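What follows is one structure encoded as structure tokens, with my remarks underneath.
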Amino acid sequence: MSLLILVVDDEPDVEPLFRQQFRRDIRASRFTMEFAQSAVDALEQIDHAEGVTLILVLSDINMPGMSGLELLPKIKVQRPDVPVIMITAYGDAETKRKVLEDGAEALLTKPIDFAALRQQIETRLGMVA
Amino acid sequence: MFVDQSGIAIENVRLFDEVEERTHELSRSLEDLRTAQDRLVQTEKLASLGQLTAGIAHEIKNPLNFVNNFSALSGELIDDLNSVLAGAPLEASVREEVGELIAILKSNLDKVVQHGKRADSIVRNMLLHSRAGSGEHRPIDINAIVEESLNLAYHGARAEKPGFNVTLTRNFDPQAGDVDLYPQEITRVLLNLISNGFYATAKRSAAANGAGYEPTLSATTMSLGDRVEIRIRDNGTGIPPEVKEKMFNPFFTTKPAGEGTGLGLSLSHDIVVKQHAGTIDVISQPGEFTEFRIVLPRAAASLAKSGGEE
């Protein structure tokens, strides 16, 4: 069964950025990536994730409509087994405390440190392997 | 009659002196008031400018992140492209030209990355302006924090410019004691002032060609009872009056492009005045010295308006 990473960000250019960054892994079918441009879209995609194993959700915090902070507990109710990593431009201590309390694995700051993110993804891959 | 008149004359002289003294006193307090008013206006201006710059910084940060991410990524893609080409059957002349073009593209991307990072550091500094009370405040030994900042700044300057040297003198008042403050922020202020001082001595040293000039920076602390004073003095190039007027303004810098963001002193002003309810002043003699004087109330952090504003 193929492994899926879902990325939630309202910026459309996040998709090519991630697809290029992980193009080797995607081409080698180590995992696939899907993208949601809103929290609502994300919840829908998680609901309909059939035939794939969702191994990780990466979510932006500042999004119009439902924010990443509101999305996080909803994902945790829907799929408590799926790890969520939050990404924000403003990684202050208060936000970090809040997202960890709400069940996030980690809080990464933008500009995204792709080396750190890759490590997180490798950890997830190692767990399901 | 004569006695009366001389008596009146003497009395008049006394009255005249008294009036003159009063006038002097009044004009002095008027001057103090004007200075205080100027400072208030300046603080207000800085506050609204701070909010504006923070707003702009927020808006710029996201697109800038994309520029930085995509350019770094493209640099890696070029490396990949090179390894693909290495194995491709190509005519020698074509290979040479492709190789040259790829090298140019790669170096252009490096420039984009480099300047992107520069812009990012400006934006991050701008955002620092809007954040009150990052970190925790706690009672801090003033002499220790000044000493630590001196060492940090000194080693930083040495690492940046191996030939750099300066004599450091410390006049620490054993009574300086503790102040309740945000250590990270006050360290930032001290680092700013000290490295500005180093910069000024290096500049004067370069102009003097080393002839008979001994670059010196001194740090002085003094207890003023319920307040503490810190002085950072350098014998560098000094500050001309027209620069002094603008030096606390955001984005004002006398350094060459790329060397200063123009936010160091305006940030320091905000931290000392707004975050710690203190004062920061400067006296300077162009070509002779510059001295910054910070006064912090002992209960600095709790006196200033509490709570962060984003």
Side-chain angles (χ1 to χ4, degrees), chain A residues 5 7-28 30 33 35 37-38 58-65 67-69 85-99 107-122, chain B residues 53-84 109 112-138 182-185 275 306-310:
Chain A
I5 295 172
V7 182
V8 192
D9 199 307
D10 58 308
E11 294 269 6
D13 273 349
V14 161
E15 178 163 354
L17 180 67
F18 274 73
R19 286 205 187 281
Q20 288 177 33
Q21 192 71 48
F22 294 102
R23 68 191 184 94
R24 286 197 178 143
D25 308 82
I26 293 169
R27 197 189 298 162
R30 296 189 70 210
M33 292 189 125
F35 294 82
Q37 282 186 32
S38 72
L58 301 167
S59 176
D60 184 28
I61 289 184
N62 283 334
M63 292 185 287
S67 78
L69 291 178
I85 292 176
M86 305 302 290
I87 300 173
T88 177
Y90 318 102
D92 54 293
E94 174 57 24
T95 311
K96 183 159 189 172
R97 192 191 58 76
K98 170 107 180 76
V99 301
L107 177 73
L108 298 181
T109 53
K110 289 181 176 180
I112 301 165
D113 176 354
F114 278 102
L117 180 58
R118 184 170 285 279
Q119 218 164 22
Q120 290 278 1
I121 291 177
E122 291 299 334
Chain B
T53 52
I56 296 170
H58 275 262
E59 290 307 311
I60 291 177
K61 199 164 178 8
N62 272 324
L64 183 60
N65 283 342
F66 276 115
V67 171
N68 288 338
N69 276 325
F70 273 111
S71 53
L73 181 56
S74 299
E76 289 165 27
L77 289 175
I78 285 187
D79 292 338
D80 290 1
L81 181 60
N82 261 330
S83 39
V84 171
L109 273 170
V112 176
V113 170
Q114 179 197 336
H115 291 288
K117 280 189 183 148
R118 188 175 145 195
D120 189 60
S121 104
I122 295 173
V123 167
R124 263 186 289 123
N125 275 317
M126 284 164 77
L127 283 170
L128 283 174
H129 254 302
S130 69
R131 249 182 249 168
S134 57
E136 301 282 310
H137 67 92
R138 58 176 193 273
Y182 294 91
Q184 261 184 343
E185 304 300 307
Q275 201 182 7
S306 52
E309 40 180 343
E310 189 56 12

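As the structure is a computational prediction, the values presented were derived from the model and not from experiment. Protein chains get the first letters and strands the later ones, always in sequence-line order, with residue 1 at the start of each.
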Heavy-atom closest pair, residues B:N69 and A:I112: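 Nearest heavy atoms, B:N69 then A:I112: OD1-O, 3.8 Å.
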Check B:E76 against A:Q21 and note the closest heavy-atom contact, atom names and distance.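 It is OE1-NE2, 3.7 Å.
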Do other residues, nucleotides or ligands put more than 12 heavy atoms under 6.0 Å from A:R23 CZ?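 Yes.
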CZ-CG distance between A:R24 and B:D80, expressed to the nearest 0.5 angstrom: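 Taking CZ in A:R24 and CG in B:D80, the distance rounds to 4.0 Å.
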Rounded distance (nearest 0.5 Å) linking atom CG of B:N62 with atom CG of A:D13: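 B:N62 atom CG to A:D13 atom CG measures 11.5 Å (nearest 0.5 Å).
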A side-chain contact here means heavy atoms from C-beta on lying under 4.5 Å apart; do A:E11 and B:N65 qualify?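 Not touching, per the 4.5 Å side-chain cut-off.
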Side chain, backbone, both or neither: which part of B:L64 has an atom under 4.5 Å from a heavy atom of chain A?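 The answer is neither part of B:L64.
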Relative to chain A, which segment of B:F70 carries a heavy atom at a distance below 4.5 Å: side chain, backbone, both, or neither?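 For B:F70, the contact with chain A is made by backbone and side chain together.
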